[in-house]
Structure formats: C-alpha cells, structure tokens
Amino acid sequence: MEITDDDVLYEDNHVIAVNKRAGDIVQVDDTGDEPLDEKVKKYLAKKYNKPNGAFLGVVHRLDRPVSGVILFAKTSKALERLNELFKTRQMHKTYYAVVRNRPEPPYGNLVHWLVKNPQKNVTKAHGHEVQGSLRSELHYRLVGELNGYYLIQVNPITGRPHQIRVQLSTLNCPIVGDNKYGYPRGSLKKSICLHARRLQFMHPVKKEPVDIKAPLPKDGFWEKFAYLVQEQDHKIHLKGTEEQ
C-alpha cells in the first residue's frame, strides 16, 4: 500500500513521521518487498514534484510485525542530529503491548544482555554479560486488564533488535501473536500486539519539543484497548507537566 496523507503523523522541512502498518519492513531486506523508506520517498517526490526523487534518512527501525510511529530525516543535517539524539538516549519512546499473562511484579525495570542470531533472526536474553552481548534496559508498567488480556506500557531505555519482545518474554509475558518469543500461536495478519505509540524529543533544528503519537491499528482488536491507552496517555501528559 502506498503512503498517503492519512499515514503522516508529523512533517516539516526537516523530518517526517509516519504511522507504520504491521507487516511493513522499514528498509530493504532479502524478501524483496518494497520497504517503508522507499514508499515515503515516493510520497515526498510526488507531493513536492521532485522527479529526481527525495532525500530520506532512516534513523531507527521497528520490527516488521510491529506498528506505530517511525521517524525519518528529510535532510542530511537532520539525519546527523537525530542519530545523535538516539545515540545519547534523548529520544523518549512509549510502546504499548498486549499479553495474556499478568506481569509480576506489575511494574519495574528489566536489564538483560542480548545476543542476536542473524541467521535465525532471533534474539536471546541473558541475565549477565556474555560474549557478543549488548546491555538492554526497559521500564514497564501494567496499565489494565480486559477480557483476560493485559495492556502494558513499555519505555525502552536502549534500542536493541527485538528488545521489548524478548525482554517481556522473560517475565513469562510473550506478546500476543509473537510465537517467535513464546506466544502459543502466530497471527494470521503477521502482526503482533506491540505498538509504538509515542516519540518525544527536542527538534534537531528548531530546538522545540516535539510530541508525536500514532493512532492504534484499526484491526478489530486494538480498538478494545483504546480507552485504557487514552487514560494512560493522559497520566503521562500530567506527569510531564508536573516535571516541567
């Protein structure tokens, strides 16, 4: 599917953010499927009548079965500065995940050392540093329960491949649909119930705070959790206001 105005969450002269659909790949891989960055380039070239194409820089990625906000740079200056924001952890990320098992404890920090097997495209979590591992940290909080499913807010501190998926599985909370990390069955839609809801950061050029939110997927399942997500978003907003 092409990118349309409805997919764009935020755009100015320097950056563009879109709401990634579950199933889209961010950059080209060996599947041969058209990646999201190419779709966004085509959208920009068409919108601004650029027959020679548009510049677009990838600064972060989301796993293929994950939906939500993803940010691209429209200039080389913005690309360099956004890369620095991610590197220095000045990019605040909020995800929501749906699981079947109640997390115990209901909130906390998880720290693991992750090793990815590129051949199998799977990541393993270790409780201590091992050869080739990367330290990974996230904060999670149980938001609420609905019909035997639990909604969890996740704020990753680091950004590692499959980090949220594998770290939640160590709590015995595999994400719904994620049979790669312990859920009993996969999704026919090739998606998992992990949504990148929000990015908050200081604009790399304008030096103004930016807060981008991605609407939940309209798939007949996520909509059931909309009120819980909205309530939690409001709490996050109030907390941020108090800290200012």
Side-chain angles (χ1 to χ4, degrees), residues 1-10 16-26 29 31 33-37 39-40 43 60-71 93-103 106-107 121-122 138 140-156 162-169 171-199 211-237:
M1 295 176 64
E2 293 183 353
I3 295 298
T4 69
D5 291 346
D6 291 338
D7 298 306
V8 178
L9 303 171
Y10 177 91
I16 181 170
V18 300
N19 192 5
K20 175 187 171 301
R21 306 180 187 96
D24 275 351
I25 53 172
V26 175
D29 64 7
T31 64
D33 296 337
E34 185 178 27
L36 183 59
D37 65 337
K39 293 180 182 181
V40 177
Y43 167 81
H60 68 129
R61 295 162 185 79
L62 295 175
D63 294 345
R64 185 163 196 165
V66 178
S67 60
V69 58
I70 187 159
L71 187 66
K93 297 166 282 187
T94 301
Y95 289 72
Y96 288 106
V98 179
V99 302
R100 284 305 300 265
N101 300 329
R102 179 184 173 89
Y107 62 90
N121 191 30
V122 66
L138 62 76
Y140 73 91
R141 177 176 296 276
L142 174 63
V143 175
E145 183 266 342
L146 181 65
N147 299 328
Y149 293 90
Y150 296 90
L151 181 70
I152 301 176
Q153 175 195 327
V154 183
N155 298 104
H162 298 190
Q163 176 181 338
I164 297 174
R165 300 164 66 181
V166 67
Q167 288 197 273
L168 287 185
S169 73
L171 278 178
N172 193 31
C173 291
I175 295 169
V176 170
D178 196 3
N179 60 345
K180 179 173 284 191
Y181 291 104
Y183 196 73
R185 59 190 180 278
S187 166
L188 295 176
K189 300 175 183 177
K190 296 184 178 180
S191 63
I192 63 175
C193 290
L194 179 61
H195 182 69
R197 172 66 168 175
R198 196 169 190 174
L199 274 182
D211 187 351
I212 305 171
K213 285 193 291 187
L216 298 175
K218 296 179 180 179
D219 60 2
F221 183 77
W222 267 113
E223 289 96 330
K224 299 173 183 178
F225 298 89
Y227 77 95
L228 287 174
V229 169
Q230 289 166 0
E231 286 180 357
Q232 189 65 13
D233 281 347
H234 184 61
K235 291 179 183 177
I236 294 171
H237 174 73

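Just so you know, these numbers use all the heavy atoms, side chains as well, and skip hydrogens, waters and symmetry mates. Just so it is clear, the structure is predicted and the values come from calculations on it, not from any experiment.
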Q: List the residues meeting side chain to side chain donor-acceptor pair (under 3.5 Å) with K93, not counting sequence neighbours, and say none if there are none.
A: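 So K93 forms no side chain to side chain donor-acceptor pair (under 3.5 Å) with any residue.
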Q: Does K213 have any side-chain contact (heavy atoms from CB on, under 4.5 Å) partners at least two apart in sequence or in another chain, and if so, which?
A: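 side-chain contact (heavy atoms from CB on, under 4.5 Å) list for K213, sorted by chain: R197, R198, D211, D233.
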Q: Just to verify, what does D63 make a side chain to side chain donor-acceptor pair (under 3.5 Å) with, not counting sequence neighbours?
A: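 With neighbours one apart ignored, the set is R165.
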Q: Tell me every residue that passes side chain to side chain donor-acceptor pair (under 3.5 Å) with Y95, counting only those two or more places apart in sequence or in another chain.
A: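 Applying side chain to side chain donor-acceptor pair (under 3.5 Å) to Y95 gives none.
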Q: Among all residues two or more places apart in sequence or in another chain, which pass the salt bridge (charged side-chain N to carboxylate O under 4.0 Å, His left out) test with E34?
A: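 Per chain and number, E34 pairs via salt bridge (charged side-chain N to carboxylate O under 4.0 Å, His left out) with K42.
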Q: Considering only heavy atoms from C-beta outward, does the side chain of V176 approach that of Y183 to under 4.5 Å?
A: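 Yes. Closest side-chain heavy atoms under 4.5 Å.
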Q: What pairs with K39 under salt bridge (charged side-chain N to carboxylate O under 4.0 Å, His left out), at least two apart in sequence or on another chain?
A: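 Testing K39 for salt bridge (charged side-chain N to carboxylate O under 4.0 Å, His left out), a comparison that skips the adjacent residues, returns D24.
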Q: Run the side-chain contact (heavy atoms from CB on, under 4.5 Å) test against E223 and tell me which residues pass, sequence neighbours left out.
A: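 Testing E223 for side-chain contact (heavy atoms from CB on, under 4.5 Å), a comparison that skips the adjacent residues, returns K218, D219.
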Q: For D7, give me all partners under side-chain contact (heavy atoms from CB on, under 4.5 Å), at least two apart in sequence or on another chain.
A: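 With sequence neighbours excluded, D7 shows a side-chain contact (heavy atoms from CB on, under 4.5 Å) to I3, T4, R21, given in chain and number order.
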Q: For T94, what residues pass the side chain to side chain donor-acceptor pair (under 3.5 Å) criterion, not counting sequence neighbours?
A: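 Per chain and number, T94 pairs via side chain to side chain donor-acceptor pair (under 3.5 Å) with N155.
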Q: Where do A196 and A214 come nearest, in terms of heavy atoms and distance?
A: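 A196 and A214 have their closest heavy atoms at O-CB, 3.7 Å.
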Q: Should K224 and V98 count as side-chain neighbours, where that means a heavy-atom distance under 4.5 Å?
A: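 Of all side-chain heavy-atom pairs linking V98 with K224, none is under 4.5 Å.
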Q: Holding to ring-ring contact (aromatic ring centres under 6.0 Å, His included), I want the full list of residues that pass it with F221, two or more places apart in sequence or in another chain.
A: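 F221 satisfies ring-ring contact (aromatic ring centres under 6.0 Å, His included) with Y149, F225 once adjacent residues are dropped.
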Q: Nearest 0.5 Å, what's the CG-SG distance between N101 and C173?
A: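 Spacing of CG (N101) from SG (C173) equals 5.5 Å.
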Q: Shortest non-hydrogen contact from S67 to P217?
A: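 Answer, listing the atom of S67 first, then P217: OG-CG, 3.4 Å.
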Q: Could I get the full list of salt bridge (charged side-chain N to carboxylate O under 4.0 Å, His left out) partners for R100, not counting sequence neighbours?
A: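 Residues passing salt bridge (charged side-chain N to carboxylate O under 4.0 Å, His left out) with R100: none at all.
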Q: Measure across I164 and L138 and return the closest heavy-atom pair with its distance rounded to 0.1 Å.
A: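 Taking I164 first and L138 second, the nearest heavy atoms are CA-CD2, 4.0 Å.
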Q: Could you measure the distance from the CD1 atom of I192 to the CD1 atom of I175? Nearest 0.5 Å is fine.
A: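 Going from the CD1 atom of I192 to the CD1 atom of I175 covers 4.5 Å.
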Q: Quick check: does any side chain N or O of H195 sit under 3.5 Å from a backbone N or O of P215, one acting as donor and the other as acceptor?
A: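 Indeed, once roles are kept as given, a pair shorter than 3.5 Å links the two residues.
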Q: By side-chain contact (heavy atoms from CB on, under 4.5 Å), which residues pair with Y10, not counting sequence neighbours?
A: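 Y10: side-chain contact (heavy atoms from CB on, under 4.5 Å) contacts with D12, V15, A17, H203, K206, V210, I212.
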